[in-house]
Amino acid sequence: MTTLIVLSALGLVCLFSEILGFRKLLHPIVLIGLLASFVTNLMDWNNGAHLFNEMVVIDNYSVAFMGLMIGITFIWCLMSPDFFTEPSSETDHFALIVFALIGTMVMVTFANMIMLFLGIEILSIALYILAGSHKTKLSSNEAALKYFLMGSFATGFLLFGIALIYGATGSFNLAAISSMISEHHEQNSVMIVAGILMMMIALAFKVSAAPFHFWAPDVYQGAPTVITAFMSTVVKTAAFAAFYRLFIHTFSASPAIWAPTLMIISGLTILVGNITAVYQTNFKRMLAYSSISHAGYMVLAILAMNQSASSSLMFYATAYSISSITAFAILLLVSHQTGSDEIRSFNGLAKQNPFLSAVTLVAMLSLAGIPPTAGFFAKYYIFSAAIQNGYLGLVLIAILGSLIGVFYYFRIIIALFKSESEEKEIKVNTLFRVLLLVTSLAALALGIAPGMLAGLI
Amino acid sequence: MLTTLIFFPLLAAIAVLMSGENAKKIALIAAIIEFGLSVFMTLGFDPAAGTQYFQEFWWVPSLGIHYSVGLDGISLLLVLLTTFLVPIIVLSSFKHNNKNPGLFYALILSMQMALVGVFSAQDGFLFYIFWELALIPIYLICLMWGGNDRIRITLKFFIYTLFGSLLMLAALIWLWMKTPAPHSFDIQALYSLNLSATEQSWIFWAFFLAFAIKMPVFPFHTWQPDTYTDSPTPGTMLLSGIMLKMGVYGVLRWLLPIVPSGVHEWGNTAMILSVISVVYASGIALVQKDFKRLIAYSSIAHVGLISAGVFSLTMQGIQGGVIQMLSHGINVVGLFFIAEIILDRMKTRNLSELGGIRLVAPAFATYFIIILLASVALPLTNGFIGEFLLLNGVFQYSTWMAAVAGLTIILGAVYMLTAYQKISLGVTNHHTEKFVDLSQSEKWVLIPLVVMIFWIGLYPGYFMGLAEPSIKTLRDVIHSSHGISLLSH
């Protein structure tokens, strides 16, 4: 609860900074505020609460995901100072990021359908603006418009689903809905089935799972790189945390309704994401498709629905976010100095800048899921959870997907070691150096000692 | 102690990476210390006492994953092979001033860590991790220092082997799930599983594909000749000398005892594939013009025979397999080193452009013929012991398979001796007359290899004694789990 208050206050401070004229101090203030909220969030560990008449439930699950998202936002704020000082962007971007974070917080603590809807909206509206924050760039505008139209459409599905389920069960409360559904197991009405499927479609859209993923590549590529980084890490984590929370708390009694569909979505997402990524020559777009394929793996955790599923989802989200944010930070550096975010701007990087290529190597290995990185263990964890619940066939598809994944992640690694190099030297300032070192070490540490996070929640 | 043995190379690798100019020397010293350590451990090893130097602690408790390592006779021999070959491989590359030597030797040493880990892991998950860890350094070595077509070839190699590994991972997860709760990857727990025949067949194939790709066995070998040829020679030595033994070792440790009835069902298929490998690869080796490529194919033929011997499940077959793994490791490293010397001096490996080297470089020719004869299994050399036992084992399994596999001795002699004739005999041409004889450091690479060739060839008893009780235990495990009648002698 305190976390929510701290974050909201931080958001307001950001807005007032413009009026009261302490804009220059804003960056440190945001960082301190994020740290403070991180600490207050940790204090809720094993110390959960039911608030607002069961609208919000804080438990270890939500604390773990909040901790992850605040942490990633913190790293994100460190790596994107330029974004906030560019003339085209104003200080209220900070406020929008903080508000988006508040949205994600609501999304992981909801115990009521209304709160889920509110959380998603708080997050999405901030994101629509942020996606278009390069006002003079056509692609950024296009991304914002596309995201907005498709996002609103999905929100419509969500609301429709909520309404149908309310109509069938007479409640917005997750626990009440869950018991209603399981009590009347035999006569689940069409309304419930349609409601569940509509909510699933809406959430599949938010996590960019196939076949609702078509917006993702364009939006990811068009939006400013820092915003893409935010969307593919924090936002994705939040969407999955909400997806999982909703389905486990509410619909776990009736998997027959949604599990077959979700299975198809998972398999399709893994294959479509990975196969399409192979054909990309643009690094940013490739990361977009890779992020789609990772969504497919995470859907597996929702399907697994067993004891280790929430832990495995948490682990996967952490591993993926850490490696992904590293990849985006590298992309920022490279594209800033070579002026292009094509894969070929990585050519010959190993010779010019061994440090940068070493961290790229770790990030790519982790995304591809090769030991000893976090990405491997994350995949292993989810696969084993899914096999335990009988999804062997799907796991085999996922394995095939990881194999295809190696093609495009290794294309970056190969580019690093190509002998022909673009002459431009890429400089890394101390802040980025420390940042990249920390995230890479974290990716390795989680791969070598996964016990730190595995089995936490 | 064993943990030190596993992770010392990693520490050394970090030191080498930092050292810059002195990378070569530090790497060599570290590799020799590692070898000394393993010899020391061998002296304290009691063959009859089962798994020793056992260490175990929790790694990821919530998932039942242990860090547990230990050595039995078979593991010990392969660890010894690794620690013996790595200093030689390091020394063999001394002459080359590779760009960025620190990284090069650091990768070799980290590969050594993974290899020693593979041979000593007693937990399925740990085994898998080391198995995969071995892949990354060798991939980078080939990618950074390989030949012209390296990008395509190394990617093919990586994807191929990763495919097998991932199937093995799925099988391991399945086995883990079948262990009584709380689940575990412990090797003893996996040995005592009760699996249905269908499950065993599936798991057999998942494991077999992983191992067969690594070895490689026909028809999963297509990555191998290109990779061997295009890698820098130290990389080829690591791949052929040690890494392919991972596949055979995997069969011995993780395939046969875990799914005995799967082996009963499909072992014959594996035998047939292995025997096909032998003949097929020998046939192709006959027509090779490139010496390095010829050795690559001969390696497929040899490992095919090893695999056939192991799948025969006879005492002699498995024993021969273990001995031949050592011998083949030693011989193939020697041969690749010879090929490297030729390439280095003549700038070509094309057999038809060579000739008469014996006249200008007698020492070179002598070492060459010793290693070559060992490789074609001349009596008194190490190759003979291994191949004899292997063929004996295969013969007990099936006469006609032994007859076909036995062709390897004839074909091997044909292609190897032809190669020797083209390289060393005859008259010199304007190229080869400038061939310089061996330098001191090159001799230091070849001498230990030749010593080992004769040691194993003349008195294999020591090495066989180390492994024999473990092989007996292994056969007992296979035997007891499902009461399959085994050919025994």
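First the proteins, then the strands, lettered A, B, ... as listed; each starts at 1.
Between B:W58 and B:H66, the ring-plane angle classifies as parallel under the 30° and 60° cut-offs.
In this view, A:Y381 and A:F377 satisfy the ring pair (Phe, Tyr, Trp, His ring centres under 6.0 Å) rule, not counting sequence neighbours. Residues that satisfy the salt bridge (Lys or Arg N to Asp or Glu O under 4.0 Å) test with B:D186, not counting sequence neighbours, are absent from this structure.
Proximity to chain A is limited to the side chain of B:L140, based on heavy atoms less than 4.5 angstrom apart. Looking at A:L392, only its side chain comes within 4.5 Å of chain B, counting heavy atoms on both sides. Of the two parts of B:L162, the backbone and the side chain both hold a non-hydrogen atom closer than 4.5 Å to a non-hydrogen atom of chain A. With a 4.5 angstrom heavy-atom cutoff, A:L416 does not touch chain B via any of its atoms. Only the side chain of A:F376 comes within contact range of chain B, with heavy atoms under 4.5 Å apart. For B:L135, no part lies under 4.5 angstrom from a heavy atom of chain A. Using a 4.5 Å cut-off between heavy atoms, A:I404 makes no contact with chain B at all.
In this structure, a donor-acceptor pair under 3.5 Å is present between the side chains of B:T3 and B:Y67. Of the N and O atoms on the side chains of B:W223 and B:T161, not one donor lies less than 3.5 Å from an acceptor on the other residue. Counted by atom type alone, B:E199 and B:W174 present one or more donor-acceptor pairs between their side chains at under 3.5 Å. Side-chain N/O atoms of A:Y289 and A:N274 include no donor and acceptor closer than 3.5 Å. A donor-acceptor contact closer than 3.5 angstrom links the side chains of B:Y105 and B:S93.
A:L394 CG to A:I399 CD1: the interatomic distance, rounded to the nearest 0.5 Å, is 11.0 Å.
Aromatic pair A:Y61/A:Y244: ring centres closer than 6.0 Å.
Applying the side-chain hydrogen bond (donor to acceptor under 3.5 Å, both in side chains) test to residues at least two apart or on different chains, the pairs with a partner in residues 129-142 of chain B are B:W131-B:S165, B:E132-B:S165.
Chosen from B:I159, B:L133, B:I129, the residue pairing most often with chain A at heavy-atom distances under 4.5 Å is B:I159. Of the listed residues B:P61, B:A170, B:S62, the one with more heavy-atom pairs under 4.5 angstrom with chain A than any other is B:S62. Of the residues considered (B:Y128, B:F163, B:F158), B:F158 shows the highest number of contacts with chain A, using heavy-atom pairs under 4.5 Å. Between chain A and the options B:L172, B:I173, B:V60, B:L169, heavy-atom pairs under 4.5 Å are most frequent for B:I173.
When the heavy atoms of residues 144-154 of chain B are compared with those of chain A, the residues falling under 4.5 Å are B:M144, B:R150, B:I151, listed by number.
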